[in-house]
Amino acid sequence: MKFFSLLFILIGLCLAIGGAWLMSLGGSFYYLFAGLALLVSGVCIWKQKRTLSHYIYALFLLFTTLWAILESGIDWWPLSTRMGIPLLLAIPLLVTFKKANRPSTLSLFVIWAISSVITLGSIFNTTHDIEGNLSTEIVSSNPDMGGIKDDAWTSYGRSNYGQRYSPLDQITTDNVAGLVPAWQIQTGDVKGPTDVGETTYQATPLKVGNTLYLCTPHNWLVALDADTGKKQWIFDAKVPAESQRQHQTCRGVSYLPPQEPSEEMGASVVSNTPNMSTQDLPSTQCDAQLFLPTSDARLIAIDPKTGARCSNFAKDGVLDLMANMPYKQDGYYYSTSPPIVTNGVVVVAGAVNDNYDIDSPSGVIRAYDDKTGKLVWNWDSANPDDTSPIGEGQTYSVSSPNSWSVASADEKLGLIYFPMGNRTPDQLGMYRNASEEKYSSSVVALDAKTGQARWVQQFVHHDLWDMDTPAQPSLIDLNTKDGVQPGLVVPTKQGDVYVLNRATGEPIQPITEKPAPQGAMKGDFASKTQPVSALSFNPPALTESNMWGATLIDQMICRIQFKSLRYEGRYTPPSEQGTIVYPGNFGVFNWGGIAVDPKRQVMFGMPLNLAFVSTVVDKKASGFSEEGSNTGEHGVNANHGAPYAVELKPFLSPLGVPCQQPPWGYVAGANLVTGKTAWQHKNGTIYDMTPLPLPIKMGVPGIGGPIITGGGVAFLGATVDNYLRAYDVTSGQELWKGRLPAGGQATPMTYLNSKGEQMVVIVAGGHGSIGTKIGDYVLAYKLPN
């Protein structure tokens with residue numbers, strides 16, 4: 001029994017010392033109490049005072065059970081981590097102490113048994129979910145879906161409306177459980193040893209004619225037969241490796257139809273070796289064009305049939321997006337999202353590295369003639385009024401707010417809608433001018449002909465948290481009490497979903513201003529109020545009792561961190577002390593966005609709740625060395641030229657699990673007209689998160705986007721377990737899942753093949769930041785014949 005005695009004493013010492021520290025910070029007294037109880041129990045075991053040790057431990061276990069239930073309720077994950085060590089430590093006392101008197105043993109056993117039953121029984125308590133149903137009423141029988149054919153998918157969000165809705169209805173809630181694999185291919189583009197950490201597949205294929213077009217992380221454009229997945233050709237943009245990029249990815253390509261559309265438009269097999277790149281083929285005059293953005297800041301126009309470059313566009317098919325940039329550091333500027341093609345122009349935005357240098361490339365948005373590549377207009381958010389094409393030898397504004405995600409367009413209104421990011425440095429606001437303040441972290445509507453801003457709606461004032469607007473706006477006409485309004489729906493990192501009139505920018509769902517925490521860094525300020533949408537998935541504020549960790553000890557350490565860091569709720573300013581940012585900059589919603597049903601006027605989304613820690617580092621006071629910094633979007637970045645560096649990281653326990661208790665990930669459905677959430681369910685399992693493949697539904701993190709189909713089915717991959725799932729849009733219930741060979745962090749799509757069969761396709765290549773399995777797969781599913 002000496003071993004058990006030492007074990008009790010060791011754990012007791014850890015809890016007592018940590019508990020005293022926690023109490024000194026104003027935290028719970030329980031851990032000090034638990035540590036002292038275990039120390040006394042360990043001493044009694046050592047001295048073989050069996051009866052006394054039983055009584056002491058029984059009282060400790062009883063108090064622990066009551067405390068745990070009061071803090072967490074009958075909720076398995078928070079309850080089990082509080083009760084795990086105490087229940088396990090009781091077993092050797094019950095098994096080995098045969099000489100203890102019966103009352104003491106019986107007392108301990110009864111309390112242990114009741115506590116075990118309560119803890120294990122909590123598995124069956126479905127807490128956190130919201131049960132309900134979305135209305136099945138068809139509000140609009142013939143809605144505007146962007147003017148494309150039902151069987152096609154010709155833009156990133158299916159059409160320029162970004163709805164991610166397909167009217168195809170062969171696959172329904174009744175038969176989706178029968179989906180089977182139709183084909184599977186590998187692109188051949190895999191992560192290399194010198195690639196940056198976030199080298200990831202995020203692509204949604206396009207379907208034109210009977211060909212699929214998708215891009216890979218290293219900017220290959222791959223053409224596949226839509227029936228079989230057979231490769232038709234591959235264009236390799238020959239992007240060189242660059243360690244300074246924060247992202248190595250491609251979310252999609254864009255398509256310009258021919259002037260006289262043909263039913264047979266699509267790729268041709270141009271070689272008996274389809275893995276050979278068409279990059280070196282002679283350029284050709286193109287009617288239709290594909291536009292491929294690259295991570296070395298080029299835009300390439302490619303012939304959809306052959307994979308050759310388009311000689312009529314720019315310089316032999318290639319635009320240099322570094323032209324007229326004020327600074328041209330390698331890897332600091334690139335385009336990860338497809339450009340928008342509308343009203344005779346192809347409009348390109350780009351990503352600027354967060355927190356690397358205060359003197360970085362511009363976030364300018366540029367429109368080019370879609371056939372010739374001639375610059376038509378440029379809109380620079382730091383100098384927004386002058387949109388005439390920039391003159392030779394001139395440069396755009398330094399480090400101005402950028403739009404790194406996907407834009408939408410309404411060709412009839414002649415407006416293009418850009419989700420806007422922030423000026424770098426993201427956590428330091430003292431470098432921004434009035435225009436940058438106005439357009440940062442917003443959606444802006446630009447005139448497609450002139451580039452002039454027609455309206456802007458901001459979602460974060462004076463953003464100090466990297467709360468870029470991350471997702472493509474979805475355009476949907478809404479039947480409101482004031483009649484049918486042209487709507488725009490955009491989700492945000494902070495969890496609010498804004499529903500606006502896309503013609504005017506005015507709110508359809510109300511927006512209110514609420515007080516925000518104050519106390520920014522020296523020389524900076526925090527906005528006194530922040531906007532809040534009536535439709536919101538913003539999680540409740542964190543409390544100490546929300547702290548988790550996989551065991552009682554690292555849960556205590558998470559509580560110590562919580563009490564040591566600055567946290568006053570959402571929008572607590574960054575600090576040298578370290579600030580908890582919740583929701584974190586990973587986002588309640590990210591680039592995957594939401595899907596909307598224009599007939600039922602409802603949305604399907606995947607809200608996440610993950611906290612981050614933002615720490616500002618005074619370089620002079622700390623002796624900060626810039627060597628080894630600039631480690632990616634997360635980590636320590638230098639903000640070269642600024643007095644402060646910034647460290648951004650997830651809020652994790654010593655064991656590497658989130659310090660906040662699960663669930664962390666959900667699926668949710670909401671009515672866009674009423675602004676009410678109908679249901680919300682935990683999403684995803686720990687199957688691929690632990691050494692044992694346990695299919696336990698926990699509500700796990702993920703990144704990616706959903707689609708909705710006319711059969712009432714939503715499809716979503718995204719989670720850190722490697723599955724593609726189908727859900728009932730009405731109730732949110734999971735109806736089917738297909739195992740993926742790698743992480744499915746890309747938005748799926750659906751179309752009809754040449755036989756008239758509905759196919760569902762997802763790209764599965766993993767995600768560098770969230771650690772899912774890396775691969776290079778494209779998979780298609782359909783109903784059996």
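Computation of the quantities below employed the complete heavy-atom set of this structure, encompassing side-chain atoms and omitting hydrogens, waters and symmetry-equivalent molecules.
Judged by distance alone, the side chain of D189 and the main-chain N or O of D776 form no donor-acceptor pair under 3.5 Å. With T730 contributing its side chain and N133 its backbone, the two residues share no donor-acceptor pair below 3.5 Å. Side-chain atoms of D227 come within 3.5 Å of backbone atoms of S754 as a donor-acceptor pair (strictly under, hydrogens ignored). Although no hydrogens or angles enter the test, the distance criterion places no donor-acceptor pair under 3.5 Å between the side chain of N590 and the main chain of G592. With W548 contributing its side chain and V657 its backbone, the two residues share no donor-acceptor pair below 3.5 Å. Within the 3.5 Å criterion, the main-chain N or O of M145 finds a donor-acceptor partner in the side chain of S159. Within the 3.5 Å criterion, the main-chain N or O of A152 finds a donor-acceptor partner in the side chain of R158. A donor-acceptor pair is defined here as one N or O able to donate and one able to accept, closer than 3.5 Å; such a pair exists between the side chain of S254 and the backbone of P339. Formation of a donor-acceptor pair under 3.5 Å by the S769 side chain with backbone atoms of E198 is not found in this model. Looking at Q494, its side chain never comes within 3.5 Å of a backbone N or O of N538 through a donor-acceptor pair.
Judged purely by distance below 3.5 Å, without hydrogens or angles, the side chains of T480 and D482 never pair a donor atom with an acceptor atom. Between the side chains of D728 and T173, no donor-acceptor pair of N or O atoms lies under 3.5 Å. No side-chain donor from either of Q232 and T211 sits under 3.5 Å from a side-chain acceptor of the other. Remark: the Q601 side chain and the N479 side chain contain an N/O donor-acceptor pair separated by less than 3.5 Å. In this model, a donor atom of one side chain and an acceptor atom of the other lie less than 3.5 Å apart for T187 and Y201. Of the N and O atoms on the side chains of Q758 and T750, at least one donor lies less than 3.5 Å from an acceptor on the other residue.
In this structure the side chain of F586 reaches within 4.5 angstrom of the side chain of I770, judged on heavy atoms. Put simply, the side chain of R600 reaches to within 4.5 Å of the side chain of I138, judged on heavy atoms. Under the 4.5 Å side-chain criterion, counting only non-hydrogen atoms from C-beta, L488 is not in contact with D410. Residues R739 and Y687 are in side-chain contact: their nearest non-hydrogen atoms beyond the backbone lie under 4.5 Å apart. Put simply, the side chain of P748 reaches to within 4.5 Å of the side chain of L724, judged on heavy atoms. V720 has its side chain within reach of T772: a pair of non-hydrogen atoms, C-beta onward, lies under 4.5 Å apart. Side-chain contact between N609 and Y666 is present, with heavy atoms from C-beta onward closer than 4.5 Å. For the pair D144/K412, a side-chain contact is recorded, criterion being any heavy-atom separation below 4.5 Å from C-beta on.
Between atom CG of residue N753 and atom CE of residue M759 there is a gap of 5.0 Å, rounded to the nearest 0.5 Å. To the nearest 0.5 Å, atoms CD1 (I508) and NZ (K481) are separated by 11.5 Å. For the atom pair I185 CD1 and D225 CG, the distance stands at 11.5 Å (nearest 0.5 Å). Remark: Q202 CD to W591 CH2 distance equals 4.0 Å, nearest 0.5 Å. Separation of atoms OG1 (T690) and CD1 (I696) is listed at 7.5 Å; rounding is to 0.5 Å. Between the CG atom of L694 and the CG atom of D688 there is a distance of 11.0 Å, given to the nearest 0.5 Å.
The side chain to side chain donor-acceptor pair (under 3.5 Å) test applied to T342 returns no partner, not counting sequence neighbours. Partners of F604 under the ring pair (Phe, Tyr, Trp, His ring centres under 6.0 Å) rule, at least two apart in sequence or in another chain, are W679, Y727. Listed by chain and residue number, D468 satisfy the side chain to side chain donor-acceptor pair (under 3.5 Å) test with W404 (two or more places apart in sequence, or in another chain). Considering only residues two or more places apart in sequence or on other chains, W153 meets the ring pair (Phe, Tyr, Trp, His ring centres under 6.0 Å) condition with none of them.
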Q | Steps toward side-chain contact (heavy atoms from CB on, under 4.5 Å) verdict (M698, W77) | A | CA-CA 8 Å; M698 188 177 196; W77 290 108; 3.7 Å; yes

Q | Verdict with supporting geometry, Q457 and I511, side-chain contact (heavy atoms from CB on, under 4.5 Å) | A | CA-CA 10 Å; Q457 181 62 247; I511 301 173; 3.9 Å; yes

**Q.** Verdict with supporting geometry, Y781 and W736, ring pair (Phe, Tyr, Trp, His ring centres under 6.0 Å)
**A.** CA-CA 12 Å; Y781 299 86; W736 168 88; 5.2 Å; yes

Q: Dump the intermediate steps for side-chain contact (heavy atoms from CB on, under 4.5 Å) on V761 and V778, then the final yes or no.
A: CA-CA 7 Å; V761 169; V778 186; 3.8 Å; yes

Q) Would L292 and C250 satisfy side-chain contact (heavy atoms from CB on, under 4.5 Å), going step by step from the backbone distance to the final call? A) CA-CA 9 Å; L292 172 68; C250 181; 4.2 Å; yes

Q) Would T719 and D721 satisfy side chain to side chain donor-acceptor pair (under 3.5 Å), going step by step from the backbone distance to the final call? A) CA-CA 5 Å; T719 54; D721 59 347; 2.4 Å; yes

**Q.** Candidate pair N501 and E506, rule side chain to side chain donor-acceptor pair (under 3.5 Å), full reasoning
**A.** CA-CA 5 Å; N501 182 306; E506 292 298 314; over 6 Å; no

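Between A349 and S403, the shortest heavy-atom contact is CB-O, 3.0 Å. Annotation for Q472 and S408: closest pair CG-OG, 3.0 Å, computed over non-hydrogen atoms. In terms of heavy atoms, P741 sits closest to L779 at CD-CD2, 3.7 Å. When all heavy atoms are compared, the tightest approach of L783 to G178 is CD2-C, 4.3 Å. What you find for G756 and Q170 is that their closest heavy atoms are O-NE2, 2.5 Å. When all heavy atoms are compared, the tightest approach of P419 to S405 is CG-CB, 3.9 Å.
A salt bridge links R570 to D496: at least one charged side-chain nitrogen sits closer than 4.0 Å to a carboxylate oxygen. A salt bridge links D477 with R502: at least one charged nitrogen is closer than 4.0 Å to a carboxylate oxygen.
At least one cation-pi condition fails for K207 and Y751: the charged atom is not both under 6.0 angstrom from the six-membered ring centre and inside a 45 degree cone around its axis. Taking the ring centre of F715 as origin, the terminal cationic atom of R725 falls outside the region bounded by 6.0 Å and 45° from the ring axis.
For residues 482-505, every residue pair satisfying the ring-ring contact (aromatic ring centres under 6.0 Å, His included) rule, not counting sequence neighbours, is listed here: F459-Y498. Residue pairs meeting the salt bridge (Lys or Arg N to Asp or Glu O under 4.0 Å) criterion with at least one partner in residues 118-140, sequence neighbours excluded, are D129-K682.
Checked against a 6.0 Å centroid threshold, the rings of F589 and F537 count as neighbours.
Taking a 6.0 Å sphere around NZ of K773, one finds it holds 12 or fewer heavy atoms contributed by other residues, nucleotides or ligands.
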